[in-house]
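Have a look at the structure below, then the notes.
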Amino acid sequence: MAEWHKSTYSDGGANCVEAREFAAGADVRDTQNREAGYLTFDRMEWAALVRSVSR
């Protein structure tokens, strides 16, 4: 499984999200609340999210 990394859109402070990408999509979690789990996005959902935030 891929390693977690902070979003490049995070400001470097405590309010960040982390992602781990893999061939089928990505998992996303709250850096401050890791024990709450994560959301999984399939490849198409993840690509749509990345496109929408890079505008």
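Hydrogens, waters and symmetry mates are skipped; everything else that's a heavy atom, side chains included, is used.
With hydrogens and angles disregarded, no donor-acceptor distance shorter than 3.5 Å links the side chain of His5 to the backbone of Arg20.
When all heavy atoms of Gly37 and Arg29 are compared, the closest pair comes out as O-CB, 3.5 Å.
Evaluation of the ring pair (Phe, Tyr, Trp, His ring centres under 6.0 Å) rule for Tyr38 yields Trp4 as partners, not counting sequence neighbours.
At a threshold of 4.5 Å between side-chain heavy atoms, the hydrophobic network of Ile, Leu, Val, Met, Phe, Trp and Tyr places Val53 and Leu39 in one connected group.
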So Asp27 and Phe22, side-chain contact (heavy atoms from CB on, under 4.5 Å) or not? Walk me through it. CA-CA 8 Å; Asp27 296 328; Phe22 46 91; 3.7 Å; yes
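Val28 has its side chain within reach of Trp46: a pair of non-hydrogen atoms, C-beta onward, lies under 4.5 Å apart.
A salt bridge is absent between Glu18 and Lys6; no separation between the charged side-chain nitrogens and carboxylate oxygens falls under 4.0 Å.
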